[in-house]
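Remarks on the structure that follows.
Order of the sequence lines sets the chain letters (A, B, ...), proteins ahead of strands, with each chain counted from 1.
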There are 2 protein chains.
Amino acid sequence: MPKMPKSSEPDRQTRILDAAESAIAESGFAGASLRDIVQEAQVNLATVYYYFGSKVGLMEAVLKRRFGPLRQEHLAMLGKFEAAARGRPLPVEQILEAMLLPPLRLAAKAPAKRQAVTRLIGRIVTEPNPQIQKVLTGQRAEVRAAFLRALQHSLPKASLPALLWRVEFVWGALAFALCNPGKIEIETHGACDLTKTDEVLAEMIHFFSPGFRALARNAG
Amino acid sequence: MPKMPKSSEPDRQTRILDAAESAIAESGFAGASLRDIVQEAQVNLATVYYYFGSKVGLMEAVLKRRFGPLRQEHLAMLGKFEAAARGRPLPVEQILEAMLLPPLRLAAKAPAKRQAVTRLIGRIVTEPNPQIQKVLTGQRAEVRAAFLRALQHSLPKASLPALLWRVEFVWGALAFALCNPGKIEIETHGACDLTKTDEVLAEMIHFFSPGFRALARNAG
DNA sequence: GTCTATAAGGAGATAGAC
DNA sequence: GTCTATCTCCTTATAGAC
């Protein structure tokens, strides 16, 4: 049975992953240095190599820790809705909720970690490095395919490119909102608050669903 | 009269800016190294310091070269539509066109530079470094304010937060689509092609305008 | 598992010759 | 304006003691 320290700090691997997440958020994957990371995590430099093998290994572990569970939540939520619908098409509002709510919940975490988690999303989205991308493209494709299937079922008259573009646009709006934590709040003088998950979710669903429903009428 | 070499390569400053743009696209602001940049630009390391003073100075120059003109195009296009409307509210489709077309045009540049330019947009969007952000926040605020005014004029019943969120969502969808050049094309097996500016513009306008128009009816 | 010590090279920046 | 040479510090990574 692994140790569970009664109080204070998490174990070394977790501290390293947390620190790495912060460093990536601040400086990107290439700019994040192991020395900054081990200082913040209060571990020795060699500890990183013992647990993660290399810098790339650590980066991959950082991504897997967050995005593995996220993928599962996406598929689980969509599956729950589909099971309840018993083969009938889902309303686009439900499909959007299954797309948006898991990442919004992830972003509503404890304030100390919130900025690191959300900015990590932004760093990934814009990272062309193949070694980093490879960790995520597989599961991204799986999640996108699931949502695309649901949308095609609900909007049979819509063309495939129209749906593909719209899925990209929704991901983009979400990623952009998430990866600028604090900035949107400041620039809108508090009118927009990303931590109010329910409000943001409602706003996004109200904004996007008419654009999807328009595809039900004409061939899009 | 400054030299204009008859053929071949642009001048040193331009070569450095181009190379820096590529390096930022690949590795981010922190990860881009001057040594990689000068090698690609085929200039001596000291040349960077002669023309740009420091790494930060070079980064700022890279941003200003692209985003100064972009801001002007945004305001010019919106102003043109508003002049033609003579005080009457603009259709949301026109406001969206003025938001979307200038960046889409920028992204449709010569193939060699296209990826660097579009990924630069992504890198900026996700960069929390204050020194980098400071270069852009001012003009971003000006452009956003202009579009917000136009939207409030066209949709007087809409609440301010509803409009602010929607503007963020549109920017996000655009930035996300732009900063993944090539990836969307591949993942959709060619169904989505970012270089077809007119198609992408039409797709985005069709997707977003119903969500704005919905605000004309109810208080959003 | 955790540490010290160190290798081997890359980083930004500058002085000074031409 | 352009270049060489160099300073100083930081980088990833590893060998080996405990």
Side-chain angles (χ1 to χ4, degrees), chain A residues 1-6 8-63 123 127 129-132 134-135, chain B residues 1-6 8-63 123 127 129-132 134-135:
Chain A
M1 182 163 152
K3 62 219 114 199
M4 176 64 187
K6 337 183 176 6
S8 68
E9 309 208 307
D11 65 16
R12 296 169 111 83
Q13 303 182 49
T14 305
R15 292 209 308 273
I16 293 171
L17 288 170
D18 287 345
E21 199 166 73
S22 292
I24 294 166
E26 254 185 68
S27 310
F29 289 92
S33 90
L34 293 181
R35 298 190 121 84
D36 288 350
I37 290 168
V38 298
Q39 191 181 7
E40 196 190 317
Q42 290 185 294
V43 298
N44 189 279
L45 174 62
T47 315
V48 173
Y49 291 92
Y50 178 78
Y51 282 114
F52 302 101
S54 68
K55 181 178 174 178
V56 173
L58 173 58
M59 298 301 175
E60 290 175 350
V62 169
L63 299 184
R123 293 294 190 182
E127 180 59 60
N129 182 322
Q131 259 179 315
I132 301 293
K134 199 175 54 182
V135 184
Chain B
M1 181 164 155
K3 61 220 112 196
M4 176 65 185
K6 338 183 177 2
S8 67
E9 309 210 307
D11 65 16
R12 298 171 110 82
Q13 302 182 51
T14 306
R15 293 210 307 274
I16 293 171
L17 289 171
D18 287 344
E21 200 166 72
S22 291
I24 295 167
E26 254 185 69
S27 311
F29 290 92
S33 90
L34 293 182
R35 295 186 134 85
D36 287 349
I37 291 169
V38 298
Q39 190 180 8
E40 196 189 317
Q42 290 185 293
V43 299
N44 189 279
L45 175 62
T47 316
V48 173
Y49 290 92
Y50 178 77
Y51 282 114
F52 303 101
S54 68
K55 179 178 175 177
V56 172
L58 172 58
M59 297 302 173
E60 289 175 351
V62 169
L63 299 184
R123 293 292 190 183
E127 179 59 59
N129 182 324
Q131 257 178 317
I132 302 293
K134 199 174 57 185
V135 184

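Separating the CD1 atom of A/Ile16 from the P atom of C/dG1 is a distance of 13 Å, rounded to the nearest angstrom. For the pair A/Leu34 CG and D/dA13 P, the computed distance is 7 Å after rounding to whole Å. Look at NZ on B/Lys55: it is 5 Å from P on C/dG12, rounded to the nearest Å. For the pair A/Gln39 CD and D/dT11 C1', the interatomic distance rounds to 15 Å; values are reported in whole Å. Protein atom OH of B/Tyr49 is 7 Å distant from nucleotide atom P of C/dT14, rounded to whole Å. Per the geometry, CZ belonging to A/Arg15 stands 12 Å off C1' belonging to C/dT2, to the nearest Å. Distance, A/Ile37 CD1 to D/dT11 P: 10 Å, rounded to whole Å. Distance A/Tyr50 OH to C/dT2 C1': 9 Å, rounded to the nearest Å.
Across D/dG1, C/dG1, D/dA13, the shortest atom-to-atom separation from the side chain of B/Tyr51 is found for D/dG1. Residue B/Thr47 places its side chain closer to D/dC3 than to any other of D/dC3, C/dA11, C/dG1. Each of C/dT2, D/dA13, C/dA13 was ranked by its minimum atom distance to the side chain of A/Arg12; first place goes to C/dT2.
Within residues 21-31 of chain B, no residue approaches DNA chain C, by heavy-atom distance under 4.0 Å.
Of all heavy-atom pairs spanning B/Ile16 and B/Ile37, the tightest one is O-CG2, 3.9 Å.
Annotation: side chain to side chain donor-acceptor pair (under 3.5 Å) contacts of B/Ser54 (sequence neighbours excluded): none. Every residue meeting the side-chain contact (heavy atoms from CB on, under 4.5 Å) condition with B/Gln131, not counting sequence neighbours, appears here in chain and number order: B/Val56, B/Asn129. A search for salt bridge (charged side-chain N to carboxylate O under 4.0 Å, His left out) contacts involving A/Arg12 returns nothing, not counting sequence neighbours. Looking at residues two or more places apart in sequence or on another chain, you find a side-chain contact (heavy atoms from CB on, under 4.5 Å) between B/Ala32 and B/Ala23, B/Ile24, B/Met59. Contacts of B/Ala30 classified as side-chain contact (heavy atoms from CB on, under 4.5 Å), with partners at least two apart in sequence or in another chain: A/Ser27. Partners of B/Glu127 by salt bridge (charged side-chain N to carboxylate O under 4.0 Å, His left out), not counting sequence neighbours, listed by chain and number: A/Arg123.
Using a 3.5 Å distance cut-off with no hydrogens or angles, the side chains of B/Asp11 and B/Thr14 do pair a donor with an acceptor.
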Sugar-phosphate means primed atoms, P, OP1 and OP2; the rest is base. With that split, encode nucleotides 4-10 of chain C 5' to 3' as B, S or - using protein heavy atoms under 4.0 Å. B------
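Note on residues 25-45 of chain B: no pairs pass salt bridge (charged side-chain N to carboxylate O under 4.0 Å, His left out), not counting sequence neighbours.
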